[in-house]
Amino acid sequence: MKQSAGILLYKFIDSTLFFLLVHPGGPFWKNKDLESWSIPKGEFTNEEDPLEAAKREFHEETGFKLEGETEEFIALEPVKLKSGKKVLAWALEFDIDVTLVKSNEFEVEWPPKSGTLQSFPEIDKAEWFQTAEALKKINPAQADFIVQIVSKISATL
(Lines give C-alpha, C1' and ligand atoms only; values in the text may rest on other atoms or scores of the structure.)
Protein backbone atom coordinates (compact mmCIF):
# COMPACT_ATOMS: atom_id res chain seq x y z
CA MET A 1 0.00 0.00 0.00
CA LYS A 2 1.30 3.44 -0.90
CA GLN A 3 1.74 5.87 1.94
CA SER A 4 2.45 9.57 2.27
CA ALA A 5 3.63 11.73 5.15
CA GLY A 6 2.94 15.40 5.63
CA ILE A 7 2.89 18.39 7.94
CA LEU A 8 -0.12 20.54 8.83
CA LEU A 9 1.08 23.95 10.00
CA TYR A 10 -1.19 26.07 12.13
CA LYS A 11 -0.89 29.48 13.74
CA PHE A 12 -2.95 31.93 15.74
CA ILE A 13 -3.55 35.53 14.76
CA ASP A 14 -4.98 37.07 17.89
CA SER A 15 -7.17 34.16 18.99
CA THR A 16 -8.14 33.00 15.49
CA LEU A 17 -6.75 29.69 14.28
CA PHE A 18 -5.30 29.42 10.75
CA PHE A 19 -4.04 26.42 8.75
CA LEU A 20 -1.49 26.32 5.94
CA LEU A 21 -2.74 24.47 2.85
CA VAL A 22 -1.09 24.04 -0.53
CA HIS A 23 -2.69 23.87 -3.98
CA PRO A 24 -1.34 21.23 -6.38
CA GLY A 25 0.36 22.52 -9.50
CA GLY A 26 0.00 21.32 -13.06
CA PRO A 27 -2.69 21.55 -15.70
CA PHE A 28 -5.15 19.11 -14.09
CA TRP A 29 -5.55 21.30 -11.00
CA LYS A 30 -5.42 24.70 -12.75
CA ASN A 31 -9.09 25.67 -12.28
CA LYS A 32 -9.93 23.52 -9.26
CA ASP A 33 -10.33 25.11 -5.82
CA LEU A 34 -12.81 23.66 -3.32
CA GLU A 35 -11.74 20.24 -1.99
CA SER A 36 -8.52 20.47 -4.03
CA TRP A 37 -6.06 21.82 -1.46
CA SER A 38 -3.84 19.61 0.67
CA ILE A 39 -1.29 19.53 3.41
CA PRO A 40 2.28 19.49 2.06
CA LYS A 41 2.99 15.76 1.81
CA GLY A 42 4.60 13.06 -0.27
CA GLU A 43 5.29 9.37 -0.55
CA PHE A 44 7.88 7.58 1.53
CA THR A 45 9.25 4.06 1.84
CA ASN A 46 9.06 1.68 4.81
CA GLU A 47 12.79 2.22 5.32
CA GLU A 48 12.26 5.94 6.03
CA ASP A 49 11.22 7.51 9.30
CA PRO A 50 7.75 8.92 8.50
CA LEU A 51 8.26 12.23 10.38
CA GLU A 52 11.61 12.80 8.64
CA ALA A 53 9.89 12.04 5.31
CA ALA A 54 7.14 14.54 6.18
CA LYS A 55 9.76 17.22 6.91
CA ARG A 56 11.58 16.43 3.66
CA GLU A 57 8.37 16.67 1.63
CA PHE A 58 7.44 19.94 3.34
CA HIS A 59 10.83 21.35 2.33
CA GLU A 60 10.51 20.10 -1.28
CA GLU A 61 7.02 21.53 -1.71
CA THR A 62 7.46 24.86 0.09
CA GLY A 63 11.19 25.60 0.17
CA PHE A 64 11.00 25.94 3.98
CA LYS A 65 13.01 23.66 6.27
CA LEU A 66 11.19 22.79 9.49
CA GLU A 67 13.67 22.50 12.32
CA GLY A 68 12.60 21.71 15.80
CA GLU A 69 12.37 19.03 18.38
CA THR A 70 10.37 15.92 17.54
CA GLU A 71 8.10 16.48 20.54
CA GLU A 72 6.98 19.81 19.06
CA PHE A 73 5.29 17.89 16.23
CA ILE A 74 1.82 16.64 17.17
CA ALA A 75 1.13 13.19 15.71
CA LEU A 76 -2.32 12.95 14.10
CA GLU A 77 -4.32 9.83 13.36
CA PRO A 78 -3.68 8.66 9.76
CA VAL A 79 -6.36 9.02 7.07
CA LYS A 80 -7.03 6.93 3.99
CA LEU A 81 -7.56 8.62 0.60
CA LYS A 82 -10.07 7.40 -2.00
CA SER A 83 -7.11 5.88 -3.87
CA GLY A 84 -6.43 3.69 -0.84
CA LYS A 85 -3.25 5.58 0.02
CA LYS A 86 -2.61 6.04 3.74
CA VAL A 87 -1.52 9.53 4.83
CA LEU A 88 0.39 10.07 8.07
CA ALA A 89 0.55 13.63 9.36
CA TRP A 90 1.91 15.81 12.11
CA ALA A 91 0.75 19.26 13.14
CA LEU A 92 3.13 22.02 14.12
CA GLU A 93 2.48 25.56 15.32
CA PHE A 94 4.75 27.56 13.03
CA ASP A 95 4.44 30.57 10.74
CA ILE A 96 5.81 30.93 7.22
CA ASP A 97 5.44 33.71 4.68
CA VAL A 98 3.44 32.16 1.82
CA THR A 99 4.80 34.75 -0.63
CA LEU A 100 8.20 33.04 -0.25
CA VAL A 101 6.98 29.50 -1.01
CA LYS A 102 9.02 27.89 -3.80
CA SER A 103 8.09 24.36 -4.85
CA ASN A 104 10.09 21.72 -6.65
CA GLU A 105 8.87 20.77 -10.15
CA PHE A 106 7.71 17.66 -11.98
CA GLU A 107 7.53 16.83 -15.67
CA VAL A 108 4.46 15.56 -17.48
CA GLU A 109 3.51 15.10 -21.11
CA TRP A 110 1.33 18.11 -21.87
CA PRO A 111 -0.88 18.37 -23.79
CA PRO A 112 -1.63 14.63 -23.52
CA LYS A 113 -0.29 12.48 -26.37
CA SER A 114 1.63 15.49 -27.73
CA GLY A 115 5.07 14.03 -27.06
CA THR A 116 5.97 17.33 -25.37
CA LEU A 117 7.20 17.27 -21.78
CA GLN A 118 6.48 20.33 -19.68
CA SER A 119 7.59 21.20 -16.15
CA PHE A 120 5.12 22.34 -13.51
CA PRO A 121 5.56 23.20 -9.83
CA GLU A 122 4.42 20.44 -7.51
CA ILE A 123 2.39 23.11 -5.71
CA ASP A 124 1.44 26.38 -7.35
CA LYS A 125 0.44 28.30 -4.22
CA ALA A 126 0.15 28.10 -0.45
CA GLU A 127 -2.28 30.04 1.71
CA TRP A 128 -3.36 30.40 5.33
CA PHE A 129 -7.07 29.69 5.92
CA GLN A 130 -9.29 30.04 8.97
CA THR A 131 -10.73 26.71 10.13
CA ALA A 132 -14.13 26.88 8.34
CA GLU A 133 -12.57 27.93 5.03
CA ALA A 134 -9.78 25.35 5.36
CA LEU A 135 -12.37 22.60 5.78
CA LYS A 136 -14.01 23.67 2.48
CA LYS A 137 -10.71 23.92 0.58
CA ILE A 138 -8.95 20.75 1.72
CA ASN A 139 -9.30 17.35 0.07
CA PRO A 140 -12.24 15.80 2.02
CA ALA A 141 -10.19 12.79 3.13
CA GLN A 142 -7.63 15.12 4.74
CA ALA A 143 -10.22 17.30 6.50
CA ASP A 144 -9.96 14.99 9.51
CA PHE A 145 -6.45 16.32 10.16
CA ILE A 146 -7.93 19.78 10.75
CA VAL A 147 -10.72 18.37 12.92
CA GLN A 148 -8.15 16.45 14.98
CA ILE A 149 -5.91 19.43 15.66
CA VAL A 150 -8.86 21.70 16.48
CA SER A 151 -9.98 19.07 18.97
CA LYS A 152 -6.47 18.75 20.50
CA ILE A 153 -6.09 22.53 20.78
CA SER A 154 -9.57 22.91 22.31
CA ALA A 155 -8.72 20.25 24.90
CA THR A 156 -5.74 22.30 26.10
CA LEU A 157 -7.62 25.61 26.48
Side-chain angles (χ1 to χ4, degrees), residues 1-26 28-29 31-104 106 121-157:
M1 175 198 343
K2 288 189 175 182
Q3 51 189 4
S4 286
I7 305 282
L8 174 60
L9 288 191
Y10 66 95
K11 69 177 181 178
F12 290 93
I13 298 176
D14 298 318
S15 60
T16 304
L17 182 58
F18 287 81
F19 294 95
L20 179 82
L21 299 179
V22 296
H23 187 268
F28 177 76
W29 297 100
N31 297 314
K32 294 183 170 47
D33 185 49
L34 295 179
E35 300 185 349
S36 297
W37 294 69
S38 174
I39 66 170
K41 64 176 176 33
E43 291 185 6
F44 69 100
T45 65
N46 287 328
E47 290 75 44
E48 282 183 280
D49 174 82
L51 178 54
E52 290 307 312
K55 290 179 188 177
R56 181 197 70 233
E57 289 295 331
F58 189 91
H59 181 244
E60 288 178 5
E61 292 192 3
T62 67
F64 285 88
K65 249 185 159 50
L66 293 177
E67 302 298 338
E69 300 306 312
T70 300
E71 58 271 9
E72 293 176 47
F73 291 84
I74 302 165
L76 301 173
E77 288 296 316
V79 302
K80 190 175 268 189
L81 304 182
K82 280 184 187 171
S83 65
K85 183 188 286 186
K86 181 178 174 182
V87 181
L88 307 175
W90 288 261
L92 179 67
E93 185 174 0
F94 194 78
D95 191 9
I96 66 168
D97 181 346
V98 294
T99 65
L100 301 177
V101 166
K102 175 93 173 82
S103 177
N104 58 340
F106 69 96
E122 203 166 326
I123 66 159
D124 57 18
K125 57 188 164 189
E127 289 185 34
W128 288 100
F129 296 104
Q130 290 184 33
T131 306
E133 186 73 3
L135 288 168
K136 292 177 190 169
K137 298 279 189 178
I138 198 166
N139 173 307
Q142 294 178 44
D144 191 54
F145 292 141
I146 293 172
V147 171
Q148 287 182 55
I149 198 62
V150 167
S151 174
K152 287 178 187 287
I153 290 169
S154 297
T156 63
L157 298 179

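Here the structure is a predicted model, which is why all the values come from computation and not from measurement. Worth knowing before you read on, the calculation uses all heavy atoms, side chains too, and leaves out hydrogens, waters and symmetry mates. Heads up: numbering here begins at 1 and tracks the sequence.
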For Ile39 and Gln142: C-alpha separation, side-chain torsions, deciding distance, then whether side-chain contact (heavy atoms from CB on, under 4.5 Å) applies. CA-CA 8 Å; Ile39 66 170; Gln142 294 178 44; 3.4 Å; yes
Does some side-chain heavy atom of Asn46 sit less than 4.5 Å from a side-chain heavy atom of Gln3? yes
From CD (Gln130) to CD1 (Ile13), nearest 0.5 Å: 8.0 Å
Hey, mind stepping through Glu43 and Lys2 against side-chain contact (heavy atoms from CB on, under 4.5 Å) and telling me if it holds? CA-CA 7 Å; Glu43 291 185 6; Lys2 288 189 175 182; 3.4 Å; yes
Closest contact, heavy atoms only, Leu81 versus Ala141: CD2-CB, 3.6 Å
Verify the distance criterion only: is there a donor paired with an acceptor across the side chains of Thr16 and Asp14 at less than 3.5 Å? no
Would you sort out whether Gln148 and Glu77 count as a side-chain contact (heavy atoms from CB on, under 4.5 Å), showing the intermediate values? CA-CA 8 Å; Gln148 287 182 55; Glu77 288 296 316; 3.4 Å; yes
With heavy-atom distances below 4.5 Å as the criterion, would you say the side chains of Leu66 and Phe94 are in contact? yes
Do side-chain atoms of Ser151 reach the backbone of Val147 as a donor and acceptor pair under 3.5 angstrom? no
Once you round to the nearest 0.5 Å, how far does NZ of Lys11 lie from CG of Leu92? 13.0 Å
Do Glu72 and Trp90 come close enough that some side-chain heavy atom pair is under 4.5 Å? no
Take Glu35 and Ile138, measure what side-chain contact (heavy atoms from CB on, under 4.5 Å) needs, and give me the verdict at the end. CA-CA 5 Å; Glu35 300 185 349; Ile138 198 166; over 6 Å; no
List for me each residue that meets salt bridge (charged side-chain N to carboxylate O under 4.0 Å, His left out) alongside Glu127, sequence neighbours excluded, and say none if there are none. none
Closest non-hydrogen atom pair, Phe106 against Pro121: CE2-O, 3.5 Å
Heavy-atom donor-acceptor pair, Ser4 side chain to Val87 backbone, under 3.5 Å: no
So, does Trp128 use its side chain to make a donor-acceptor pair with the main chain of Ile96 at under 3.5 Å? yes
Between Ala75 and Lys152 the two heavy atoms that sit nearest each other are O-CE, 3.8 Å
Could you give me the CA-CA distance, side-chain angles and deciding distance for Arg56 and Glu52, then say whether salt bridge (charged side-chain N to carboxylate O under 4.0 Å, His left out) is met? CA-CA 6 Å; Arg56 181 197 70 233; Glu52 290 307 312; over 6 Å; no
Check: Lys80 and Lys85 side chains under 4.5 Å, non-hydrogen atoms: no
Shortest non-hydrogen contact between Ala143 and Leu135, atoms and distance: O-CD2, 3.8 Å
Identify the two heavy atoms, one from Val98 and one from Ala126, that lie closest to each other, and give their separation to 0.1 Å. CB-O, 3.3 Å
To the nearest 0.5 angstrom, please state how far the OG atom of Ser36 sits from the NE2 atom of His23. 5.0 Å
Would you call the rings of Phe19 and Tyr10 parallel, tilted or perpendicular, taking 30° and 60° as the class edges? tilted
Please report the closest heavy-atom contact between Asp124 and Pro24, naming both atoms and the distance. OD2-O, 3.5 Å
Less than 4.5 Å apart, side chain to side chain, heavy atoms only: is that true for Leu100 and Phe64? yes
Any chance you could measure Lys41, atom NZ, to Phe145, atom CZ, to the nearest 0.5 Å? 9.0 Å
Contact check, side chains of Leu88 and Pro50, non-hydrogen atoms, under 4.5 Å: yes
Which distance, rounded to the nearest 0.5 Å, do you find between the CG of Leu9 and the CZ of Phe58? 4.0 Å
About how many Å separate CG of Leu8 and CG of Leu21, when rounded to the nearest 0.5 Å? 7.0 Å
